[in-house]
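Let me begin by handing over the structure; questions about it come next.
Read the numbers this way: they start at 1 and go in the same order the structure lists the ligands and their atoms.
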Amino acid sequence: MNNDTQKDVLISTRELTKRFGSKEVLKGIDCDIRVGEKVAVIGPSGSGKSTFLRCLNLLELPSGGTVVVDGATLFHSDMMLKKDALDAVKAKIKALKTGEYSEEVQAHKAELAQNGTALAKAREELKDAQSKAKLYAIKASRSSGSVTEEDVAAAQAQCDRLAADIAALKEQSSALRSKIKQKRAEAKKSADPARLAELKTELAAAKAEFAEAKKQHAAAMRVTNASIDEHRRNMGMVFQHFNLFNNLTVTENITLAPISLGLKDLKAKRRELLKRRLRGEDISEEAAQLPDKLEIIENAKTTAKKLLERVGLADKADVYPATLSGGQKQRIAIVRSLALNPRVMLFDEPTSALDPEMVGEVLQVIKELADEGMTMVIVTHEMNFAKEVATRVLFVDDGLIKEDAPPEKLFGDPQNDRLKEFLSKIL
Ligand code: ADP
Ligand code: MG
């Protein structure tokens with residue numbers, strides 16, 4: 001493996017699959033996206049382009065394969081498989097331990113379970129009967145006439161019957177338990193020694209397998225949980241339908257995530273420093289360097305202002321989204337993603353919901369970002385834009401990347417038949 005090229009790879013997928021129910025939408029995507037690349041994704045509607053993007057930042061959990069971002073494995077299908085393996089081994093161990101090999105034992109156990117249910121029911125009934133008997137006894141002693149001596153006797157007789165039932169059930173259960181024990185012992189004795197040895201080995205192996213699977217599963221989940229948040233921050237995502245909060249101003253929309261994440265980070269950092277101080281470390285210098293709450297808020301606002309100026313919308317800072325055009329909304333949505341200072345931007349048909357006269361202003365913003373060196377993946381139907389801005393174009397069809405080439409090559413000399421057909425329809 002060449003380390004230099006590996007180092008540049010920001011996002012890497014291998015055999016990435018995604019199923020919705022029985023429908024396989026992604027069928028095994030191998031894709032490396034390097035720092036600085038501008039990757040356009042084209043392909044027919046329903047081919048899996050959006051699902052692919054959503055799997056990259058784990059908005060959708062893949063069904064299989066791997067997603068590695070910046071060297072950290074965010075998703076590995078083993079995480080899912082290990083869970084299944086764990087459950088399978090658990091069942092196997094249980095079966096081996098409980099002597100699954102004897103049908104008689106199983107039958108006794110079923111009977112024992114039934115007895116248990118009957119016992120519980122009889123105990124409930126006895127409780128009711130006892131309260132009733134008590135009540136009758138009290139009423140009879142007051143000689144109010146509504147309860148006769150016979151009623152009291154009948155209630156008491158009912159209690160006695162139930163108590164006897166319970167005793168019998170208990171005895172039966174105890175007999176069943178010893179039968180099970182005996183049968184198990186017999187099964188063990190009469191079992192073929194070779195088979196027994198086999199089972200013992202199997203059990204030991206299953207236990208070891210279980211311990212290993214558990215360890216791996218836990219390790220994988222630890223890495224994933226720790227890194228997903230971090231890596232989502234590094235991946236800005238812009239959707240077809242802007243998804244702005246209509247009850248927040250433009251600035252509030254843009255600063256919402258940076259402020260809440262900034263405060264969360266501050267809290268975590270403070271907690272860590274406190275821990276170290278309690279261990280006796282001198283943390284005064286580091287503590288003095290921590291920003292305060294107001295600083296975090298002011299910084300987020302300053303960044304928002306700068307970004308708004310950059311996309312020509314400084315005058316919209318305090319308005320609500322409802323007053324904006326579609327093109328303006330989408331430019332705000334892009335700014336909102338940029339405010340987290342991502343390393344890569346994922347665009348899912350960012351201009352598809354716009355009136356034609358607004359497409360240009362949004363593409364212009366994206367083009368400027370590309371020119372500044374932002375790594376990006378953009379699903380688009382704007383072929384001219386893909387030709388002009390992309391360094392690489394992926395043709396996705398039926399859940400697979402069918403062609404992967406620089407735009408001159410892909411558009412000028414398409415190889416795949418489905419791509420040729422697709423291009424003939426849209427160009
Ligand atoms: P594209 O973006 O290329 O148009 P999508 O990735 O949106 O395609 O969808 C690919 C296929 O997956 C479509 O057939 C779609 O109906 C299906 N699909 C997407 N999301 C879901 C979901 N959440 N549940 C079930 N099916 C889905
Ligand atoms: Mg789509």
Side-chain angles (χ1 to χ4, degrees), residues 11-31 33 38-67 69 74-75 77 79-80 228 232 235-244 326-327 329-330 333-334 336-337 344-356 358-359 362-363 366 376-387 389-390 392-405 407 410-411 414 416-427:
I11 306 177
S12 177
T13 72
R14 288 294 175 271
E15 302 194 15
L16 182 67
T17 57
K18 177 64 187 177
R19 271 189 314 272
F20 291 108
S22 61
K23 191 178 162 128
E24 193 165 39
V25 174
L26 299 181
K27 299 184 175 175
I29 298 215
D30 290 348
C31 181
I33 293 157
K38 293 97 190 53
V39 179
V41 181
I42 63 169
S45 169
S47 58
K49 305 180 299 294
S50 295
T51 306
F52 173 52
L53 274 200
R54 294 170 64 81
C55 280
L56 289 185
N57 68 356
L58 301 193
L59 278 178
E60 291 288 356
L61 204 59
S63 307
T66 56
V67 180
V69 177
L74 288 203
F75 177 84
S77 53
M79 290 172 201
M80 314 301 261
I228 281 180
R232 278 219 187 111
M235 285 190 248
M237 179 123 186
V238 174
F239 304 90
Q240 187 175 341
H241 299 282
F242 341 113
N243 300 353
L244 294 177
K329 280 185 194 169
Q330 193 60 305
I334 293 170
R336 183 177 56 175
S337 286
V344 54
M345 287 287 286
L346 310 175
F347 295 95
D348 192 358
E349 299 195 27
T351 60
S352 293
L354 299 177
D355 290 336
M358 290 167 187
V359 169
V362 171
L363 290 181
I366 299 173
M376 57 176 73
V377 183
I378 174 166
V379 176
T380 185
H381 292 299
E382 300 289 336
M383 294 304 146
N384 286 325
F385 179 78
K387 274 183 201 169
V389 176
R392 201 172 135 207
V393 183
L394 308 179
F395 172 62
V396 172
D397 179 50
D398 194 22
L400 285 168
I401 295 176
K402 297 275 175 75
E403 200 141 331
D404 174 354
L410 188 131
F411 292 113
N416 180 278
D417 284 342
R418 294 276 299 159
L419 172 58
K420 286 179 200 167
E421 189 193 328
F422 177 74
L423 292 177
S424 74
K425 273 190 206 149
I426 56 158
L427 288 181

For Arg54 and Asn57, which heavy atoms make the closest approach, and how far apart are they? O-OD1, 3.2 Å
Are the side chains of Leu419 and Asp397 in touch, meaning some heavy atoms are under 4.5 Å apart? no
Lys387 NZ/CZ over Phe411 ring centroid, <6.0 Å and within 45° of normal: yes
Would you say Arg392's side chain and Ile33's backbone share a donor-acceptor pair under 3.5 angstrom?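 Checking the backbone N and O of Ile33 against the side chain of Arg392, no donor-acceptor pair under 3.5 Å is found.
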Give yes if a backbone or side-chain nitrogen or oxygen of Gly46 is under 3.5 Å from a nitrogen or oxygen of ligand 1, and no if not.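 Among all N and O atoms of Gly46, at least one is under 3.5 Å from an N or O of ligand 1.
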Is the shortest N/O to N/O distance between Gly48 and ligand 1 below 3.5 Å? yes
Show all protein N/O/S atoms under 2.8 Å from the Mg ion (ligand 2), or state that there are none. Ser50 OG
Would atom 3 (O) of ligand 1 count as contacted, meaning some protein heavy atom under 4.0 Å? yes
So if I count the atoms of ligand 1 from 1 in the order they appear, which ones are less than 4.0 Å from some heavy atom of Ser50?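 This gives 1 (P), 2 (O), 6 (O), 7 (O) as the contact atoms.
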Whether Pro44 lies under 4.0 Å from ligand 1, heavy atom: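 So Pro44 counts as touching ligand 1.
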Looking at Phe422, is Lys425 sitting on its ring face, NZ or CZ under 6.0 Å from the six-membered ring centre and within 45 degrees of the normal?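 Checked: cation-pi criterion not met.
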Under 4.0 Å from atom 11 (C) of ligand 1, is there at least one protein heavy atom? yes
Are Gly43 and ligand 1 in contact, using a heavy-atom cut-off of under 4.0 Å?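 In this structure, Gly43 fails to qualify as a contact of ligand 1 - no heavy atom is under 4.0 Å.
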Do Arg418 and Phe395 come within less than 4.5 Å of each other through their side chains, counting heavy atoms only? yes
Quick check: does any side chain N or O of Lys329 sit under 3.5 Å from a backbone N or O of Leu244, one acting as donor and the other as acceptor? no
Closest non-hydrogen protein atom to atom 17 (C) of ligand 1, residue and atom name please, with distance? Val25 CG2, 4.0 Å
Within ligand 1, which atoms have a heavy atom of Lys23 less than 4.0 Å away?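 The atoms of ligand 1 under 4.0 Å from a heavy atom of Lys23 are 14 (O).
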For the side chain of Ser337 and the backbone of Met237, is there at least one donor-acceptor N/O pair under 3.5 Å apart?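 Judged by distance alone, yes, a pair lies under 3.5 Å.
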To the nearest 0.1 Å, how far is atom 27 (C) of ligand 1 from its closest protein heavy atom, and which atom is that? Phe20 CD1, 3.3 Å
Is Glu60 in polar range of ligand 1, meaning some N or O pair under 3.5 Å apart?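 In this structure, Glu60 places no N or O atom under 3.5 Å from an N or O of ligand 1.
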Taking a cutoff of less than 4.0 Å between a non-hydrogen atom of the residue and any ligand atom, is Arg54 in contact with ligand 1? no
If you define the side chain from C-beta out and look only at heavy atoms, does anything of Ile401 sit under 4.5 Å from Asp30? no
Would a distance-only check, ignoring hydrogens and angles, find a side-chain to backbone donor-acceptor pair under 3.5 Å from Gln330 to Val362?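 Checking the backbone N and O of Val362 against the side chain of Gln330, no donor-acceptor pair under 3.5 Å is found.
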Begin with the C-alpha distance, continue with both residues' side-chain angles, and end with the deciding distance and a verdict on side-chain contact (heavy atoms from CB on, under 4.5 Å) for Val396 and Val379. CA-CA 10 Å; Val396 172; Val379 176; over 6 Å; no
Heavy atoms only, cut-off 4.0 Å: how does Thr51 contact ligand 1, side chain, backbone, both, or neither? both
Looking at side-chain heavy atoms only, is the closest gap between Leu346 and Val344 below 4.5 Å? yes
